[in-house]
Amino acid sequence: MSSAIDAFERVPLPDLTAALLLEALVATVDGARYWQPPEGYDALASLPEARRGLLRFAEVVARSPHAAWWSRDDPAAAQYAVIPDVDPEVDPNATRGDAGAGPPELQLEDVSSRYAGATMGAWRADRRIIEQRSLRDLEEYPEGGSGEWWSSPPHGALATTGAIPRFGPVALHLEEDGRGPEGATVVPIGAAAHARICAIREAADWAALCAAHPLDVSAQMLHDWGETTGRSGAWVMPDWSRVAEHWDGVHLGTRAYLRLAGRAMDCGRDRAGVIAGWSPDTTFWLRDVVGPVGAAERWVRSEPNTHVNVHAWSRGVTS
């Protein structure tokens with residue numbers, strides 16, 4: 001182990017190209033499985049003795065112009081919705097890697113936030129039911145069990161990302177613990193000029209959302225958040241149905257994701273929250289303020305998603 005730590009300080013620093021940096025980022029995000037025991041390299045990198053050597057690499061990344069988009073906080077700029085193809089393992093009628101395939105009967109007018117209101121209301125009711133059920137389960141199993149993890153807005157709320165220079169939309173490459181589709185439809189999305197975006201940049205931003213619009217998830221998150229962070233106590237997350245009364249969208253940039261995801265953050269009154277199940281550079285739209293602003297494009301992978309290859313995605317057929 002000491003030789004590995006010494007190597008951090010002696011190995012030559014890389015020529016940090018845009019592709020190499022993106023490959024490292026893809027591997028990091030795809031391997032973000034906090035609920036599992038850490039891999040060997042995670043344990044090694046977390047040692048205090050490794051910090052000085054790793055800082056050499058961190059400084060190279062921080063200075064790189066190829067990382068400039070990591071700090072992007074303005075989702076009013078070009079945004080894209082990425083709709084992955086149906087997994088052939090789930091739908092036998094889907095065709096893997098076929099540039100003419102894609103989501104069946106995709107209607108561009110539905111790639112919007114028009115259903116956000118109904119989605120938020122149903123989500124809040126479901127969360128309350130899950131919390132009550134988890135409380136009952138704790139009476140029988142006081143240690144809790146693995147179950148809920150996500151603190152992102154509900155599935156069904158439109159999610160968009162920006163694009164990476166030369167590599168296309170962020171969501172094609174970066175999905176936390178992603179399965180990696182081999183084809184997708186990409187739709188350019190525009191927001192209304194009056195759209196109000198809550199940007200999460202620091203832990204204080206997340207804590208403020210949780211404090212202003214708290215949803216108690218202490219029972220349902222007892223096991224997974226507790227195991228991951230080592231913390232015991234009350235847990236909260238933003239009540240997105242209430243957040244939507246004040247904000248049209250919420251954005252988590254790449255730099256903020258790398259700093260904050262998976263951490264227990266103090267939300268006041270002996271409560272904490274976790275950014276869980278998010279992906280970098282993602283904006284979730286909570287109100288009906290966005291919609292398609294151009295033709296959909298097909299993107300396909302030139303090879304199976306068995307290893308990192310940031311050059312594998314390319315445009316297919318435009319619809």
Side-chain angles (χ1 to χ4, degrees), residues 1-73 149 151 161-162 164-167 170 173-178 180 199-207 224-231 251-266 272-282 305-311:
M1 183 176 296
S2 60
S3 61
I5 292 175
D6 290 342
F8 289 152
E9 299 186 30
R10 292 184 288 101
V11 68
L13 294 173
D15 178 13
L16 197 58
T17 64
L20 180 59
L21 183 58
L22 182 55
E23 286 175 5
L25 185 58
V26 170
T28 298
V29 175
D30 188 56
R33 293 181 285 270
Y34 317 99
W35 52 91
Q36 296 180 3
E39 302 282 355
Y41 52 80
D42 294 322
L44 179 65
S46 67
L47 294 174
E49 301 95 315
R51 180 177 176 81
R52 186 171 65 181
L54 291 174
L55 279 174
R56 298 172 61 230
F57 295 88
E59 289 167 355
V60 172
V61 172
R63 292 195 303 265
S64 173
H66 304 306
W69 66 270
W70 292 12
S71 300
R72 184 166 54 203
D73 283 328
W149 169 254
S151 62
T161 67
I164 308 169
R166 293 174 42 210
F167 295 100
V170 174
H173 302 276
L174 300 175
E175 180 185 8
E176 185 173 279
D177 190 29
I200 301 168
R201 300 182 180 92
E202 307 289 346
D205 299 322
W206 183 258
D224 286 0
W225 285 8
E227 285 285 309
T228 298
T229 65
R231 177 188 178 275
H251 175 76
L252 180 70
T254 301
R255 192 175 297 272
Y257 169 87
L258 292 172
R259 282 201 306 264
L260 305 177
R263 288 176 44 195
M265 290 174 279
D266 183 8
V274 177
I275 292 178
W278 291 65
S279 293
D281 195 49
T282 298
N305 186 32
T306 55
H307 62 283
V308 176
N309 180 359
V310 298
H311 299 288

Residues in side chain to side chain contact (heavy atoms under 4.5 Å, CB included) with Leu54, at least two apart? Phe8, Ala45, Ala50
Just jot down the side chain to side chain contact (heavy atoms under 4.5 Å, CB included) partners of Ser279, sequence neighbours excluded, or say none. Glu175, Glu176, Thr282
Determine which pairs satisfy salt bridge (Lys or Arg N to Asp or Glu O under 4.0 Å) with at least one residue from residues 54-65, sequence neighbours left out, and list them in order. none
Hey, which of Thr161, Val308, Ile164 is the one that makes side-chain contact (heavy atoms from CB on, under 4.5 Å) with His173? Ile164
So, using salt bridge (charged side-chain N to carboxylate O under 4.0 Å, His left out) as the criterion, who are the partners of Arg259 when residues are at least two apart? Glu202
With sequence neighbours excluded, tell me which residues meet salt bridge (charged side-chain N to carboxylate O under 4.0 Å, His left out) with Arg33. Asp177
Test of understanding: with side chain to side chain contact (heavy atoms under 4.5 Å, CB included), list the residues that count as partners of Thr229, not counting sequence neighbours. Arg231, Trp235, Ala264, Val274
Under the side chain to side chain contact (heavy atoms under 4.5 Å, CB included) criterion, do Ile5 and Leu47 qualify, and how do the steps go? CA-CA 9 Å; Ile5 292 175; Leu47 294 174; 4.0 Å; yes
Can you tell me if Asp281 uses its side chain to pair, donor with acceptor, with the backbone of Gly162 under 3.5 Å? yes
Please identify each residue that fulfils salt bridge (charged side-chain N to carboxylate O under 4.0 Å, His left out) with Arg52, with sequence neighbours left out. Glu9
Show me, pair by pair, the donor-acceptor contacts under 3.5 angstrom made by side chains of residues 22-32, not counting sequence neighbours?
residue	atom	partner	partner atom	Å
Thr28	OG1	Ala24	O	2.9
Asp30	OD1	Gly178	N	3.3

Considering only residues two or more places apart or on different chains, which pairs with a residue in residues 38-50 satisfy side-chain hydrogen bond (donor to acceptor under 3.5 Å, both in side chains)? none
Could I get the full list of ring-ring contact (aromatic ring centres under 6.0 Å, His included) partners for Phe167, not counting sequence neighbours? His311
Sequence-distant partners of Arg255, side-chain hydrogen bond (donor to acceptor under 3.5 Å, both in side chains), two or more places apart: Ser71
Name all residues meeting the salt bridge (charged side-chain N to carboxylate O under 4.0 Å, His left out) criterion together with Arg201; count only those two or more places apart in sequence or in a different chain, and write none if there are none. Asp73
